[in-house]
Each structure stands twice: as structure tokens, then as C-alpha cells.
Amino acid sequence: MTAMPNDVLRVKEIDRLIDDLHRHLDAFNLDERTVLSPETFEEEALADLLFIDMYHILEEASNLSFETQNSYPDIPWTQIRGMRNRFARECFNLNREVARSVIENDLEPLQTMTQSFLAACDAGNAHDGKRRNQ
């Protein structure tokens with residue numbers, strides 16, 4: 001697969017954002033109750049931080065080229081675009097349960113895709129470098 005340069009940057013960003021989201025969950029001890037029913041302003045702000053991370057992930061994934069998306073048919077690209085649109089339009093009225101479910105259940109396959117994509121790009125670059133040196 002020949003990756004478009006913008007896709008490489010987007011996939012690296014998706015991978016970084018997913019890592020950041022998991023770091024935020026761990027660092028701030030954000031559990032299900034905190035995300036679904038924040039009781040303080042601080043908890044609400046921390047939960048919103050997760051949703052901002054999530055929006056950025058969805059935005060970057062939605063803008064990957066069709067070539068890249070077609071290379072990973074197991075990723076639900078249409079649902080990603082739909083969720084991104086929902087986040088963009090209803091940012092103050094998000095269904096926190098749906099957002100939490102996406103964070104808990106749907107990011108792992110996307111991150112697996114990013115790692116596979118980046119490994120394929122690295123392998124292609126290594127192969128191209130060997131060809132140039134011959």
C-alpha cells in the first residue's frame with residue numbers, strides 16, 4: 001500500500017490521541033461514574049477532556065483518504081463519520097453513555113489499525129531505501 005502523506009500524519013495523530021485519552025483516564029482516575037455522572041465542576045471538566053480527545057480522533061479518522069479506509073474494511077468508517085458529526089453538532093448535549101461505550105469498546109480496533117498502517121509504511125520505506133541503495 002502506498003500511503004498518502006497526509007494519511008501518515010493523520011494516522012500518527014490518531015495513534016497519539018488514543019494514547020493521550022488512555023493516559024487521561026489513568027492519570028485522573030476517571031471511572032464510569034465520573035464520565036457518566038460527574039458530580040463536581042472538576043469531574044465534568046475532566047470528562048469533557050475525554051470527549052475533546054474523542055472528537056479529535058473521530059475528526060482525523062473521518063478525513064483519512066478513501067484508499068486508506070478501503071484498505072481497512074473492518075473499521076466502521078461510516079459510523080466514525082456519523083459519530084464525528086454527532087460530536088460536532090451536539091457537543092453540549094452528548095449522550096455520555098454512548099461516548100463512554102466508544103472509548104471502552106471501539107478505540108482498540110482503531111488503534112490496532114493505526115499501528116498496522118504505520119508498520120506497513122515503515123516496511124515500505126525500508127524496502128524503498130534498500131532499493132535506492134542497490
Side-chain angles (χ1 to χ4, degrees):
M1 172 180 84
T2 304
M4 299 178 70
N6 285 343
D7 280 356
V8 174
L9 295 175
R10 286 188 194 286
V11 169
K12 285 180 180 180
E13 184 67 357
I14 293 166
D15 194 59
R16 183 191 68 77
L17 287 164
I18 293 172
D19 284 343
D20 284 354
L21 188 144
H22 289 295
R23 276 195 295 276
H24 291 146
L25 280 168
D26 293 341
F28 299 114
N29 236 358
L30 295 173
D31 59 11
E32 184 174 339
R33 189 223 31 99
T34 307
V35 173
L36 294 178
S37 303
E39 295 175 354
T40 66
F41 175 77
E42 289 81 11
E43 288 180 351
E44 188 171 348
L46 291 171
D48 287 348
L49 176 64
L50 293 181
F51 299 143
I52 290 168
D53 287 343
M54 187 69 189
Y55 172 77
H56 287 290
I57 292 165
L58 295 168
E59 178 73 21
E60 293 297 334
S62 294
N63 286 304
L64 290 170
S65 70
F66 289 116
E67 177 184 296
T68 295
Q69 291 181 18
N70 288 335
S71 296
Y72 297 91
D74 294 340
I75 302 297
W77 300 109
T78 301
Q79 289 88 341
I80 286 173
R81 280 189 296 282
M83 181 64 76
R84 179 258 170 230
N85 291 340
R86 188 174 303 147
F87 266 71
R89 293 186 184 112
E90 301 174 21
C91 62
F92 297 109
N93 197 21
L94 282 176
N95 181 327
R96 290 178 177 267
E97 178 62 39
V98 170
R100 184 193 60 79
S101 177
V102 169
I103 290 168
E104 287 183 1
N105 303 311
D106 299 331
L107 291 182
E108 185 177 334
L110 186 60
Q111 190 159 39
T112 299
M113 172 264 161
T114 65
Q115 293 164 354
S116 172
F117 177 93
L118 294 172
C121 289
D122 287 345
N125 289 339
H127 181 69
D128 289 346
K130 287 179 188 175
R131 194 177 304 148
R132 279 188 225 124
N133 291 333
Q134 293 178 349

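Each residue takes its place number in the sequence, starting with 1. For clarity, every value in this text was computed on a predicted model and none was experimentally measured.
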Approximate separation, where rounding is to 0.5 Å, of L110 CG and Y72 OH: 11.0 Å
Contact check, side chains of D15 and K12, non-hydrogen atoms, under 4.5 Å: no
Reported CD1-to-CD1 distance for the pair I75 and I80, which is rounded to 0.5 angstrom: 6.0 Å
Close side-chain approach of L118 to Q115, heavy-atom, < 4.5 Å: no
hydrophobic_cluster_shared for L30 and L49, side chain cutoff 4.5 Å: yes
Set of residues satisfying side-chain hydrogen bond (donor to acceptor under 3.5 Å, both in side chains) with respect to D31, sequence neighbours excluded: T34
Which residues share a side chain to side chain contact (heavy atoms under 4.5 Å, CB included) with L36, sequence neighbours left out: E32, R96, E97, R100
Side chain to side chain, N70 and W77, heavy atoms closer than 4.5 Å: no
With E42 via salt bridge (Lys or Arg N to Asp or Glu O under 4.0 Å) - residues at least two apart: none
I103 CD1 to L21 CG distance, which is reported to the nearest 0.5 Å: 5.0 Å
Side chain to side chain, L64 and I14, heavy atoms closer than 4.5 Å: yes
S101: partners by side-chain hydrogen bond (donor to acceptor under 3.5 Å, both in side chains), with sequence neighbours left out: N105
Within-4.5 Å side-chain heavy-atom neighbours: D7 and F117: yes
Partner residues of D53 under the side-chain hydrogen bond (donor to acceptor under 3.5 Å, both in side chains) criterion, sequence neighbours left out: H24
V98 and M83, any side-chain heavy atoms less than 4.5 Å apart: yes
Separation between CG of L58 and CD of Q79, rounded to the nearest 0.5 Å: 11.5 Å
Set of residues satisfying side chain to side chain contact (heavy atoms under 4.5 Å, CB included) with respect to R23, sequence neighbours excluded: D19, D20
Gap between atom CD of Q69 and atom CZ of F66 - 0.5 Å precision: 6.0 Å
Residues that E59 engages under side chain to side chain contact (heavy atoms under 4.5 Å, CB included), provided they are two or more places apart: Y55, N63, R84
side-chain hydrogen bond (donor to acceptor under 3.5 Å, both in side chains) involving S62 - partner list, sequence neighbours excluded: none
Interatomic distance, F87 atom CZ to H56 atom NE2 [nearest 0.5 angstrom]: 11.0 Å
NZ/NE/NH1/NH2 to OD/OE distance under 4.0 Å, E13 and R10: no
Side chain S116, main chain M113, donor-acceptor under 3.5 Å: no
Steps toward side chain to side chain contact (heavy atoms under 4.5 Å, CB included) verdict (M54, L107): CA-CA 9 Å; M54 187 69 189; L107 291 182; 4.0 Å; yes
Any residue meeting side chain to side chain contact (heavy atoms under 4.5 Å, CB included) with D74, in chain and number order, not counting sequence neighbours: none
